[in-house]
Amino acid sequence: MTERTTARVFDALDRFRLEVPSWGFGNTGTRFGVFHQPAAASTTAEKLADAGFVHALTGVCPTVALHVQWDLQGGRDDVATVQQLADQAGIRPGSINPNFFQDQCYKHGSFGNPDPAIRAQARAHGLASVDLATRLGCRDLSCWFADGSNYPGTASIRQRKRFFEEELGTLHDTLTGDQRLLVEYKPFEPAFYHTDVADWGMALLLARAAGPRARVLVDTGHHYQSQNVEQIVAWLLSEQMLGGFHFNDRRYADDDLTTGSIDPYQLFRIFHEIRVFEAEHGGPADIAYMIDQSHNLKGKIEAMVQTVVTAQALYAKAALVDLDRLVAAQAGSRLVQAESCLQDSFATDVRPVIAEWRTAKGLPADPLDALWQSGYVERITAERAERRTPHSTLGGVRS
Ligand code: RM4
Ligand code: MN
Ligand code: MN
């Protein structure tokens, strides 16, 4: 590796930070069952401790996404404790994820619900979530809506769109400082006929209607098969509307598998689009990189560290693309030369230089190996085995 490539990778890794989800450390599964892991976290304290350990091993995960439903059930009363637990774990609260989907009242939707009383309930929860974000010093409110319908004719699609515009606007207007409202989309599940925020176009229009602090959140698993996700990313960048990501991989639907496990080239291509945009704009894009995964079979912490290491490698590979050569090849329609720019970088083994970067930062050169050597999982397994109560999310279903 030349000095120039090493410098590029070092530069890229210096900038790249990833947020881990608190819910990725608890017992979660599929709609068919949850295989309980004795080391899984069952309290917010345990989730934050595990997230802190991931940060200690990798050095790039200083924040943890919190779910109001699972981590801040006591609302304001929980703020001091959560803050203190995060301090102890050496991390900070990151994005705040309100619950617009799990309560019984949301059977027919939250912001899209035809019943004004339920919309008001969802509104109050949204506003309370912004208040929690403010108290915890969090920037992003990440909103995902399960809203939709299962049968044709059962819901007024345009009326629900209007309700969403109104409610998101109200939520948006309570944001302060540099806070942002992130609107996540998902094509189906739990709704199977129509979903109110089904794709990036709908999320974009709703975010625009909400106000200038709203952006789109791209969950990489929330697309139809074979959809070109990097094109969506490129378009959102060009519209200045890309707010962040939920990374995970998938083979079929919203599988929430570890990032890069099925199609690492896709995440590389996404990172490439971002890098080209940043190169053209002469500075970093304002993007929150977050993980949204559910590890049913792999060890929770192991899967999280593996995800971080994989994402870093793909980000570093994307930083190696020779943009001058690429631009020239594109301009001359030299297709194979242009394509090779991407493929050469993707094929480069960046692991040694990433290990060097980690060592230079005083981090373990191989975070997964450091995890295996640390005895951490064995220790928490013993500590947690006794007082285990299964943590069930989405009633056992996680998506
Ligand atoms: C959704 C989506 C959201 C997550 C919920 C629980 O599929 O990915 O980000 O909060 O699941
Ligand atoms: Mn998500
Ligand atoms: Mn999902």
Side-chain angles (χ1 to χ4, degrees), residues 18-31 34 47 64-73 94-103 106 109-111 122 125-126 129 132-133 138 140-148 180-192 195-200 202-203 206-207 215-225 227 229 232-233 236 242-259 261-262 267 270 287-296 303-304 307 311 391-399:
L18 255 181
E19 181 164 306
V20 297
S22 73
W23 56 94
F25 297 101
N27 270 320
T28 53
T30 71
R31 77 177 98 233
V34 176
K47 291 175 195 171
V64 60
L66 299 173
H67 229 296
V68 176
Q69 165 87 352
W70 306 316
D71 302 311
L72 290 153
Q73 272 170 353
S95 63
I96 295 293
N97 294 251
N99 161 37
F100 293 117
F101 51 91
Q102 208 172 42
D103 292 352
Y106 296 142
S110 58
F111 282 180
H125 177 73
S129 301
L132 292 173
C138 300
D140 289 329
L141 194 77
S142 290
C143 297
W144 172 69
F145 301 92
D147 286 55
R180 304 187 304 173
L181 174 69
L182 303 183
V183 182
E184 184 173 357
Y185 59 90
K186 176 169 169 168
F188 66 91
E189 191 202 44
F192 290 113
T195 293
D196 285 300
V197 194
D199 66 24
W200 71 278
M202 298 178 199
L206 287 175
R215 295 284 182 280
V216 177
L217 172 60
V218 177
D219 183 312
T220 46
H222 291 190
H223 302 90
Y224 290 114
Q225 285 288 8
Q227 210 167 346
V229 181
I232 294 171
V233 168
L236 288 172
L242 179 64
F245 285 96
H246 274 175
F247 289 140
N248 50 65
D249 214 337
R250 54 76 85 67
R251 182 69 183 83
Y252 298 102
D254 186 21
D255 306 341
D256 282 345
L257 301 177
T258 43
T259 300
S261 56
I262 304 290
L267 185 55
I270 289 173
I287 300 170
Y289 296 111
M290 302 176 276
I291 299 167
D292 183 8
Q293 291 175 180
S294 161
H295 312 119
N296 195 23
M304 206 62 84
T307 297
H391 165 90
S392 145
T393 61
L394 298 179
V397 179
R398 254 282 306 162
S399 49

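Below, all heavy atoms of this structure are taken into account, side chains as well, without hydrogens, waters or symmetry copies. Atoms within each ligand, like the ligands themselves, are counted from 1 in listed order.
Closest to the Mn ion (ligand 2) among the N, O or S atoms of Glu184 is OE2. For Asp254, the N/O/S atom at the shortest distance from the Mn ion (ligand 3) is named OD2.
Side-chain N or O atoms of Ser95 include none that pairs as donor or acceptor with a backbone N or O of Ala65 at under 3.5 Å. The closest donor-acceptor contact from the side chain of Asn248 to the backbone of Asp292 lies under 3.5 Å. With Glu184 contributing its side chain and Phe145 its backbone, the two residues share no donor-acceptor pair below 3.5 Å. Looking at Arg180, its side chain does come within 3.5 Å of a backbone N or O of Gly243 through a donor-acceptor pair. Formation of a donor-acceptor pair under 3.5 Å by the Arg251 side chain with backbone atoms of Leu257 is not found in this model.
Taking only nitrogen or oxygen atoms, main chain and side chain alike, Trp70 does not reach within less than 3.5 Å of ligand 1. For Trp23, no nitrogen or oxygen atom sits less than 3.5 Å from a nitrogen or oxygen atom of ligand 1, counting backbone and side chain alike.
Aromatic pair His125/Phe100: centroids less than 6.0 angstrom apart. Aromatic ring centres of His295 and Phe25: separated by at least 6.0 Å.
At a 4.0 Å cut-off, at least one heavy atom of His222 sits close enough to ligand 1 to count as contact.
Within ligand 1, the atoms closer than 4.0 Å to a non-hydrogen atom of Asp254 are 7 (O), numbered from 1 in the order shown. Close approach of ligand 1 to Glu184 (heavy-atom distance below 4.0 Å) involves ligand atoms 2 (C), 3 (C), 8 (O), 9 (O). Close contacts of ligand 1 with His246, meaning ligand atoms under 4.0 Å from a residue heavy atom, involve 9 (O). The contact set between ligand 1 and His67, taken as ligand atoms under 4.0 Å from a residue heavy atom, comprises 10 (O). Close approach to Asp219 involves these atoms of ligand 1, each under 4.0 Å from a residue heavy atom: 8 (O).
In this structure, CD on Glu189 lies 8.0 Å from NE2 on His222, to the nearest 0.5 angstrom.
When OD2 of Asp219 and OD2 of Asp292 are joined through the Mn ion (ligand 2), the resulting angle is 100° to the nearest 10°.
Among the backbone and side-chain atoms of His246, an N, O or S atom lies under 2.8 Å from the Mn ion (ligand 2).
Each of Leu18, Val233, Asp219 was checked for a side-chain contact (heavy atoms from CB on, under 4.5 Å) with Phe245, and the lone residue meeting it is Val233.
The residue Glu189 has no part lying near ligand 1, judged by heavy-atom distances below 4.0 Å.
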